[in-house]
Amino acid sequence: MCAATAPGTGSAEELKSTVLQLRETVLQQKETIMNQKETIRELTAKLGRCESQSVLEGLPGEPKGGGAGRKGGFSKNTMGDLSRTPAAETLSQLGQTLQSLKTRLENLTNNLKDILQNKIDDLEKQVLSRVNSLEEGKFNPKNESEERGKIESTLTSLHQRISDLEKGQKDNRPPDRFQLTFPLRTNYMYAKVKKSLPEMYAFSICMWIKSNASPGMGTPFSYAVPGQANELVLIEWGNNPMEILINDKVAKLPFVINDGKWHHICVTWTTRDGVWEAYQDGTQTGNGENLAPYHPIKPQGVLVLGQEQDTLGGGFDATQAFMGELAHFNVWDRKLSPGEVYGLATCSAKALSGNVIAWAEANIDIYGGATKWTFEACRQLN
């Protein structure tokens, strides 16, 4: 606009074209705002219904939910199940999700941001009011699973709409400069890599990761194949150290990364004698052998980020879910050299992308409210 109205810099036709473009932009913004208002209205109504349909587990005499060990079989498929938590915790989680939405709105244009900000502030107040009512015992919790599912579906829709608005600001961003954020432990928040792994007789898996979740950060990734849910898994569960599982065989990894800071980690492995190596921030911190020796990684599986699979593509357990942030997840079908790993961890200009799985937005689908943010790996070193 400034360029168009400056003396001697444009003709009347250019001014007319600029005005028409601005008018079209305003109409598009108005339509977007109306859509957001409708979503907020639906979410408010469903939160209201949640008040009268809460969980029975919080009542005296009901058994309390507790953590369970890693699943050993495949008899239970909990894909799509909703975690059964007391109503106060449920509403608290919804409040945290709304807080996440508020933060994301800071990146939107001012006018649209102010409108959505006010609506989400109102929703946050409603959630806090309901939590306070629960704590004061003003109403009795009832079964809430179905209603909570509807609320989570609406939240996911709201996440997507805001992501669409943010997309306009990200079109010029390189496809690998993003991170995934998993703000809550749930059994419905995850990302899925669109491509499966091929048969591999060696691999290197590297990523940037950040978490301070306790106890244990959960499962950054899991790869399941027909007949074997633990074909390839990285997990830190409970008070156990982080482990790598290959065909249900386990090696403990000497990572110290649960401090709320960004760390670069790599694990390499070869089927010959089952030799493995672990790297943290570019330095080898451990190694071993006899980890699933002479067992090739099987193809035609499902690769999930943020959840541990107990069945092919599902059977998620909230207690094993990853909580934190993850970026630059790359997979190679060979062992990287120490120099190559160091280059990745120090943001070398010659750093490689995975030749099996390369970190790119087009390669990943996200579900359940997991979010994408711009990520600059080199800035994390400062």
Side-chain angles (χ1 to χ4, degrees), residues 68 70-74 76-83 152 156 159-160 178-200 203-211 213 216-237 242-248 250 253 265 267 269 297-333 354 356-372:
R70 187 184 303 113
K71 307 294 187 299
F74 313 105
K76 181 181 180 182
N77 181 354
T78 58
M79 178 59 170
D81 287 352
L82 297 172
S83 56
E152 287 162 354
T156 299
H159 273 295
Q160 187 59 50
F178 75 101
Q179 70 184 55
L180 295 179
T181 299
F182 302 89
L184 305 171
R185 284 197 195 276
T186 71
N187 64 348
Y188 56 84
M189 190 178 292
Y190 66 102
K192 184 165 70 173
V193 179
K194 296 179 181 179
K195 182 180 177 182
S196 179
L197 299 180
E199 185 173 59
M200 296 192 299
F203 67 72
S204 297
I205 298 177
C206 301
M207 71 195 79
W208 285 90
I209 195 167
K210 175 183 177 182
S211 178
M217 68 173 60
T219 308
F221 77 87
S222 65
Y223 176 68
V225 297
Q228 177 53 275
N230 293 326
E231 181 68 8
L232 179 56
V233 181
L234 183 68
I235 184 171
E236 184 183 72
W237 181 78
M242 184 165 282
E243 299 173 339
I244 183 82
L245 284 74
I246 300 177
N247 192 33
D248 245 345
V250 182
L253 304 178
I265 61 172
V267 178
W269 171 87
I297 302 300
K298 296 179 181 178
Q300 306 302 318
V302 177
L303 180 56
V304 168
L305 306 179
Q307 295 284 354
E308 194 269 339
Q309 303 172 68
D310 284 334
T311 60
L312 185 65
F316 302 151
D317 182 343
T319 65
Q320 296 174 330
F322 174 69
M323 190 165 79
E325 299 165 66
L326 185 151
H328 288 271
F329 178 87
N330 286 278
V331 181
W332 294 261
D333 59 2
V356 174
I357 301 294
W359 186 248
E361 291 193 67
N363 295 340
I364 295 173
D365 290 325
I366 59 175
Y367 302 90
T371 56
K372 292 180 181 178

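Because the structure is a prediction, the values reported are computed rather than measured.
- A donor-acceptor pair is defined here as one N or O able to donate and one able to accept, closer than 3.5 Å; no such pair exists between the side chain of Glu243 and the backbone of Val250.
- Listed for the Thr181 side chain is no donor-acceptor partner under 3.5 Å among the backbone atoms of Glu325.
- With sequence neighbours excluded, no residue forms a side-chain hydrogen bond (donor to acceptor under 3.5 Å, both in side chains) with Thr219.
- Between the CZ atom of Phe221 and the CD1 atom of Ile235 there is a distance of 11.0 Å, given to the nearest 0.5 Å.
- Under the 3.5 Å distance criterion, the side-chain polar atoms of Arg185 are left unmatched by any main-chain donor or acceptor of Ala318.
- Leu234 pairs with exactly one of Ile205, Leu245, Leu253 by the side-chain contact (heavy atoms from CB on, under 4.5 Å) rule, that one being Leu253.
- Legend: residues meeting side chain to side chain contact (heavy atoms under 4.5 Å, CB included) with Asn247, ordered by chain and number and at least two apart, are Gln228, Glu231, Lys249, His295.
- Here Asp333 pairs with Asn355 under the side-chain hydrogen bond (donor to acceptor under 3.5 Å, both in side chains) rule; sequence neighbours left out.
- A search for side chain to side chain contact (heavy atoms under 4.5 Å, CB included) contacts involving Pro226 returns Leu312, not counting sequence neighbours.
- Proximity of a side-chain donor or acceptor of Asn230 to a complementary backbone N or O of Asp248 within less than 3.5 Å is not detected.
- Evaluation of the salt bridge (charged side-chain N to carboxylate O under 4.0 Å, His left out) rule for Lys298 yields no partner, not counting sequence neighbours.
- A donor-acceptor pair is defined here as one N or O able to donate and one able to accept, closer than 3.5 Å; such a pair exists between the side chain of Lys194 and the backbone of Ala362.
- Remark: side-chain polar atoms of Glu308 are not paired, donor with acceptor, to backbone N or O of Trp237 under 3.5 angstrom.
- Using a distance-only test at 3.5 Å, with no hydrogens or angles considered, no donor-acceptor pair links the side chain of Lys210 to the main chain of Ala327.
- Remark: Phe182 engages Phe322 in a ring-ring contact (aromatic ring centres under 6.0 Å, His included) (not counting sequence neighbours).
- Distance NE2/His328 to SG/Cys206: 12.0 Å, rounded to 0.5 Å.
- The distance from the CG atom of Leu180 to the CD1 atom of Ile209 is 11.0 Å, given to the nearest 0.5 Å.
- Rounding to the nearest 0.5 angstrom, the gap separating the CH2 atom in Trp359 from the CD atom in Gln179 is 9.0 Å.
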